[in-house]
Amino acid sequence: MDYWMPWLNDMKRNIPQEIEPLKALQEFTSARIAIGRVGNSIPLKQSLEFKLAHAHARDAVYSELDINNLSDLLKQFNLAVLHLQSMVSHRRQYLQRPDLGRKLNKASIDLINDYGVDTDIAIVIADGLSATAVNENAYRLLQVLIPLFTAANFSLTPLSLVEQGRVAIGDDIGYGLKSKLCLVLIGERPGLSSADSLGAYLTYNPKPGLTDETRNCISNIRPGGLSYNNAAKKIFYLVSEAFKRKLSGVALKDNTGLLDS
Amino acid sequence: MAYKHTIRSKVYKFPDLKTLMGKASPYRSGDELAGVCAASYEERVAAQITLADVPLKVFLNEAVIPYEQDEVTRLIIDGHEVDDFSLINHLTVGELRDWLLSDETDTETLNRIAWGLTPEMIAAVSKLMRNQDLIAVAQKCKVITRFRNTIGLWGHFSTRLQPNHPTDDPKGVAASIIDGLLHCSGDAVIGINPATDNPAVVSNLLRLMDTLRYQFEIPTQTCVLSHITTTLQLINEGAPVDLCFQSIAGTQQANASFGINLNLIDEAYQATLSLNRGTIGNNVMYFETGQGSALSANANFGVDQQTCEVRAYAIARKYKPLLVNTVVGFIGPEYLYDGKQIIRAALEDHFCGKLLGLPMGVDVCYTNHAEADQDDMDNLLTLLGVAGCNFIMGIPGADDIMLNYQSTSFHDALYLRKVLGLKPAPEFEQWLIKQGITDDKGNMLPISPSHGLLDAMVK
């Protein structure tokens, strides 16, 4: 992890000798153990590393969807792309009013009503708590996933790109678009070690007012976590099962253990 | 009962006690989300002025959540001690604030009235108090608990060593425990949040910690923070359970969403007591709480989040816990938006818990979507040290790699002990000296590569 600021290597000289024996512990965990001390405090190198990780996470929370680039990329799937917004008007409000992030604004409701034809799957792409995760991972996941859906003859609604959205906004969208299942790809809450984690939530028979136990979640989709191929396989399996059993959520979760890879 | 107050010919009316308390609460995002907070700065102060004149006796007659509807309310009302209340039963909420701060009200007096106070009385008075007041009164409270060591003595300050690992890998957990012990952490408890509630995994972690504790004769206790039903099962299977853990909330319905009720806690408490594993005391319960939990379960019934929180303490004190930990900043910015709100909430929780007679600790923490950072945690940590908080968390580098949030590091506790002249639990302090981790003044010593704890890891 030293590549980002090579000069910090020089500071290793300042780390007290006595921490070296503890270094051996580091092979067992990625926790920040054996980081040494100056007096009773954390050495500067480790203090700045922590700050940098936090900065990445904070920047991800305040990142924005790259609508133009995403729209361009999504064209290749030959599906209409709808630009939608929740009832949230700014990020500060988004963070404090999850209820507003779960509902579409008036203009967006009008827009999807024009597209409501009976289909199988509505794919919703929302910024969530990390637009960075969406900007970097959503398209590349769909490159693998959409061909799986079309090969299995699932019909797809237009793709929805949602700003300031929470997971449950997919319920309104799936319902408005008259689709049997809604798949929401959304930026997850950034951790210190991963600011680019994408989550996928699927809900069978989406309608307003559903809660978390009706959904299945696949988490940590990113190059350093669950790969696009494995994520697409898991999602496809769960979607297929949801259609077979006409449900999603807790009852479907029992089978996902088969999928660990 | 309706309440009102007039400011410059504007009449503020509050239809009932719970509305009044919500509007009197210092601003936080969760009360706005719940729709219970004041609509203006003036209304908030009007509510506080009104609340100050409410006699404490009113709280015994006007429940914020009906007695018939909620077992927590029944616990509060049925458990109220009229004799303990007699010293203060003539006071209003505002007069109670002044009484708490007066020089005549000392540690012993505060101990004497603990069971005469209800959570709602304490929540109400806290809403009239500045942060300084919350610290000054909490600092006079003393709550001492024991299992294998003594926690909460004057001049002592403990830590829970929190060696979490994303996959519950035993070696990963052990490495963090050893690093923590070598940094003087773990006198409150060595406590793991498991990534899974799988009983076999939890049992394995319990045995790992118990072996280490036994081998090195560490005067502390261990705990895996699994669901209470899992712990009960493991007790019946003979696993080495020191402490029984459970998250609790302030309403019956919120607890139901956690899969618990008072009968279940009764059963687990008795089962844990029957193991008789404590050497110098039998405080066997460990509870965690946090403002916003009732609302997030849609079970707050129009009651503000701080009052809900203090109601949870009524449950905790029934079971004479070793530790109560308010995980203040974990819940996220929709309940506590920024460092200011997190700090205020933590000081409230610590004050209210201590007045009710609980051994309060605080998880000084925040998530990455909250408007907070380690500077805010430094501030809160220092304030809590001054307030006499019993314990905080000790997490490698303050970064919990399993729960994905930031708390306090082993170093943070060392800092606090140094600047405030505080020591670990006395039994643990002696152990640290014996192990060559500190000298007899509490200064850290260099660790030898052949130290037994490092050796244990290699094996």
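No hydrogens, no waters, no symmetry mates; every other heavy atom, side chains included, goes into these values. The chains referred to below are lettered A, B, ... by the order of the sequence lines, with proteins before strands, and numbering in each begins at 1.
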Bottom line for B:Ala370: the part with an atom under 4.5 Å from chain A's heavy atoms is backbone
Can you sort out the partners of A:Glu136 under salt bridge (charged side-chain N to carboxylate O under 4.0 Å, His left out), two or more places apart, ordered by chain and number?
-> none
Do the non-hydrogen side-chain atoms of B:Tyr366 and B:Asp376 ever get within less than 4.5 Å of each other?
-> no
Proximal component of B:Tyr337, with respect to chain A [non-hydrogen, under 4.5 Å] | side chain
Taking A:Gln96 for the side chain and B:Pro333 for the main chain, is one N or O donor matched with an acceptor at less than 3.5 Å?
-> no
What part of B:Ser450 is in contact with chain A, defined as an atom under 4.5 angstrom from a non-hydrogen atom: side chain, backbone, both or neither?
-> neither
Do B:His451 and B:Ile178 have side-chain heavy atoms sitting under 4.5 Å apart?
-> no
So which part of A:Ser41 gets closer than 4.5 Å to some heavy atom of chain B, the side chain, the backbone, both or neither?
-> backbone
Between B:Ser293 and B:Tyr335, a side-chain donor and acceptor under 3.5 Å | no
Heavy-atom contact with chain A under 4.5 Å, split by part of B:Asp373 | both
The interface call for B:Leu414 against chain A, heavy-atom contacts under 4.5 Å, is both
Scan side-chain atoms only and decide if A:Asn135 and A:Asp66 contain a donor-acceptor pair under the 3.5 Å cut-off.
-> no
Interface residues of residues 185-199 of chain A facing chain B - non-hydrogen atoms under 4.5 Å apart | A:Arg189, A:Pro190, A:Gly191, A:Leu192
Any side-chain donor-acceptor pair under 3.5 Å between B:Ser409 and B:Asp412?
-> yes
Part of B:His183 lying under 4.5 Å from any heavy atom of chain A | side chain
Is it true that the side chains of B:Glu32 and B:Tyr27 contain a donor and an acceptor less than 3.5 Å apart?
-> yes
Assert top hit (heavy-atom pairs under 4.5 Å, partner chain A, pool B:Ala413, B:Ser176, B:Ala175) equals B:Ala175
Do B:Arg28 and B:Gln306 have side-chain N/O donor and acceptor atoms under 3.5 Å apart?
-> no
Heavy-atom distance under 4.5 Å to chain A: side chain of B:Asp169, backbone, both or neither?
-> side chain
Looking at B:Leu33, B:Asn368, B:Asn404, B:Asp400, which makes the most heavy-atom pairs under 4.5 Å with chain A?
-> B:Asn368
Let me know which of A:Arg215, A:Arg166, A:Arg102, A:Lys207 forms a salt bridge (charged side-chain N to carboxylate O under 4.0 Å, His left out) with A:Asp171.
-> A:Arg215
Any side-chain heavy-atom pair from B:Phe216 and B:Leu181 closer than 4.5 angstrom?
-> no
Side chain / backbone / both / neither for B:Glu371 at chain A, heavy atoms under 4.5 Å = both
Side chain, backbone, both or neither of B:Thr167 within contact of chain A (heavy atoms, under 4.5 Å) = neither
Check whether B:His165 gets within reach of chain A through its side chain, its backbone, both or neither, counting any heavy atom under 4.5 Å.
-> side chain
Side chain, backbone, both or neither of A:Tyr94 within contact of chain B (heavy atoms, under 4.5 Å) | neither
Evaluate the side-chain proximity of A:Ser47 to B:Gln374: yes if any heavy-atom separation is below 4.5 Å, no if none is.
-> no
Hey, are the side chains of A:Phe50 and A:Ile42 touching, using non-hydrogen atoms and a 4.5 Å cut-off?
-> no
Side chain, backbone, both or neither: which part of B:Leu403 has a non-hydrogen atom closer than 4.5 Å to chain A?
-> backbone
Heavy-atom side-chain proximity of A:Gln26 to A:Ile33 below 4.5 angstrom | yes
Is it the backbone or the side chain of B:Ala34 that comes under 4.5 Å from a heavy atom of chain A, or both, or neither?
-> neither
